[in-house]
Protein chains: 2
Amino acid sequence: MLFSPALNRLAEAFRRLPGIGPKTALRLVFYVLSMDEEAVEDMARALVEARRRVRQCVCCRNLTEEETCSICRDPRRDASVLCVVQEPRDIPVIEKSGEFRGRYFVLHGALSPMEGRGPAELKIPLLLQLLAKGEVKEMIIATNPNVEGDATAYYLAETVRPLGVKVMRIGFGLPVGGDLEYADELTMKRALESRREML
Amino acid sequence: MLFSPALNRLAEAFRRLPGIGPKTALRLVFYVLSMDEEAVEDMARALVEARRRVRQCVCCRNLTEEETCSICRDPRRDASVLCVVQEPRDIPVIEKSGEFRGRYFVLHGALSPMEGRGPAELKIPLLLQLLAKGEVKEMIIATNPNVEGDATAYYLAETVRPLGVKVMRIGFGLPVGGDLEYADELTMKRALESRREML
């Protein structure tokens, strides 16, 4: 029992968020009490409206408030190159690189027999429908570099290659700015595997 | 620009909270989207209600939803011993020790000439009114062990001692379970100053 039922309820609400433990929750509660009442109401409204308004793009399953997302609506994006990611949050990471001008497709997860996630639990049937239209010539698989992400990548490659689409996987290796000394053995293994001739 | 205006507004709202950077804000936004709509509405309500309902105890300035806080209302608490803290969040820390059965007074800050906080900006006039009633025999100053907390403690000691109240300061020294090797020099200095004879 903290100070009052209302404070306990707010602390519990904060604790439900990922990465927020009891101490951080308490710190946030006290911060909220110090805010203008209007700012707190704005925050509450932002919560409810984000949850209510945001849905998935009918085309790529990215998040949007419209029928289709801003990337799918953008005529300057190259519809012949499709980047497949696990989650909507992966898209801004790739966008920030400035290196990709194609479109995306969001799987909303990775294959995991352990957790009962097969192709139908992801958006893979929708992806195959999109590819069947024939517009996509190259698919870049940008699932996570871990067991589930790799398994998903292999499954997609096997399934999509017969459709005549060029299937690529993003490169793995040492992170730029990183120190070779601190690279773990798997990253080092991948970095050696993906070595390129210097020209 | 993230995915949609509603998501941006929520990310910005999260970023206003202390200790929440852009990456954490984004993670929280995606988590909110995965929650039940009802749970999000509960969270929004908890925010607004905590801010609206919670006020300061007229007696000790702790946080409460009533006229007086649960500690001041508790007849088993010893009204002759008063523990003075900077913030309401300090109270649960002391309560958890199980070592204190008196009452509290919350200053809501520490003296800071640099930031223009004098005795009147804190609740010191209200503290003096409370002490003038004559019920408090001992005052334990539990302000933070830093420059501002110490200055506040000295100011309070000077001001309150003439009222015939025994003025104490909580003990400082090595934290229990800590390693002497890692103690900083100021903590070590305080630990030596507050040495006690072993009996």
Item checked: Top contributor to chain A contacts, counting heavy-atom pairs under 4.5 Å, from B/Ile20, B/Val54, B/Asp42 -> B/Val54

Notebook entry, point to check: Would you say the side chain of A/Leu17 lies within less than 4.5 Å of the side chain of B/Arg27, judging by non-hydrogen atoms?
Noted result: no

Next item on the list: May I ask you to say whether A/Arg52 pairs ionically with B/Glu41, meaning some side-chain N is under 4.0 Å from a carboxylate O?
Entry: yes

Note to self: Taking A/Leu128 as the starting point, is it possible to reach A/Val165 by hopping between hydrophobic residues whose side chains are less than 4.5 Å apart?
What the structure shows: yes

Check: Heavy-atom count around B/Tyr154 OH within 6.0 Å, excluding the residue itself: above 12?
Finding: no

Notebook entry, point to check: Given side chains that start at C-beta, do those of A/Leu28 and B/Pro18 come closer than 4.5 Å, heavy atoms only?
Noted result: yes

Check: Mind checking which of residues 71-88 of chain A sit less than 4.5 Å from chain B, heavy atom to heavy atom?
Finding: A/Pro88

Margin query: Counting only non-hydrogen atoms closer than 4.5 Å, does A/Asp36 touch chain B with its backbone (N, CA, C, O), its side chain (CB onward), both, or neither?
Written below: backbone

Next item on the list: Determine whether more than 12 heavy atoms belonging to other residues, nucleotides or ligands lie under 6.0 Å from atom CD of B/Glu135.
Entry: no

Notebook entry, point to check: Where do B/Ala50 and A/Leu33 come nearest, in terms of heavy atoms and distance?
Noted result: O-CD2, 3.6 Å

Next item on the list: Answer with yes or no whether the hydrophobic clustering places A/Ile140 together with A/Leu131; edges join I, L, V, M, F, W, Y residues whose side-chain heavy atoms lie under 4.5 Å apart.
Entry: no

Item checked: chain B contact via A/Arg53 - side chain, backbone, both or neither, heavy atoms under 4.5 Å -> side chain

Margin query: At under 4.5 Å between heavy atoms, what parts of residues 93-106 of chain A are in contact with chain B? List them by residue number.
Written below: none

Next item on the list: Find the distance between OG (B/Ser4) and CD (A/Glu49) and round it off to the nearest 0.5 Å.
Entry: 10.5 Å

Note to self: Grouping I, L, V, M, F, W and Y whenever their side-chain heavy atoms are under 4.5 Å apart, do A/Met168 and A/Tyr155 come out in a common cluster?
What the structure shows: no

Note to self: If we ignore hydrogens and angles and just use 3.5 Å, is the side chain of B/Glu37 paired with the main-chain N or O of A/Arg51 as donor and acceptor?
What the structure shows: no

Next item on the list: Please answer: with hydrophobic residues joined when any side-chain heavy atoms are less than 4.5 Å apart, are B/Ile91 and B/Leu107 in the same cluster?
Entry: no

Note to self: Can you tell me which of A/Glu66, A/Glu65, A/Arg9, A/Met35 forms the most heavy-atom pairs within a distance under 4.5 Å of chain B?
What the structure shows: A/Glu65

Item checked: Among the listed options A/Ala13, A/Cys57, A/Cys69, the residue most often paired with chain B at heavy-atom distances under 4.5 Å -> A/Ala13

Notebook entry, point to check: Is B/Leu10 reachable from A/Tyr31 through a run of I, L, V, M, F, W or Y residues, each pair having side-chain heavy atoms under 4.5 Å apart?
Noted result: yes

Notebook entry, point to check: If you count heavy-atom pairs under 4.5 Å with chain A, which of B/Asn62, B/Thr64, B/Thr24 comes out on top?
Noted result: B/Asn62

Note to self: Show, in sequence, the C-alpha distance, side-chain angles and deciding distance for B/Leu47 and A/Phe14, and conclude whether the side chain to side chain contact (heavy atoms under 4.5 Å, CB included) test is met.
What the structure shows: CA-CA 9 Å; B/Leu47 270 169; A/Phe14 278 132; 4.1 Å; yes

Notebook entry, point to check: With a 4.5 angstrom heavy-atom cut-off, which part of A/Val48 approaches chain B: side chain, backbone, both or neither?
Noted result: both

Note to self: Minimum heavy-atom separation for B/Phe30 and A/Arg89, please, with both atom names.
What the structure shows: CE1-CB, 3.0 Å

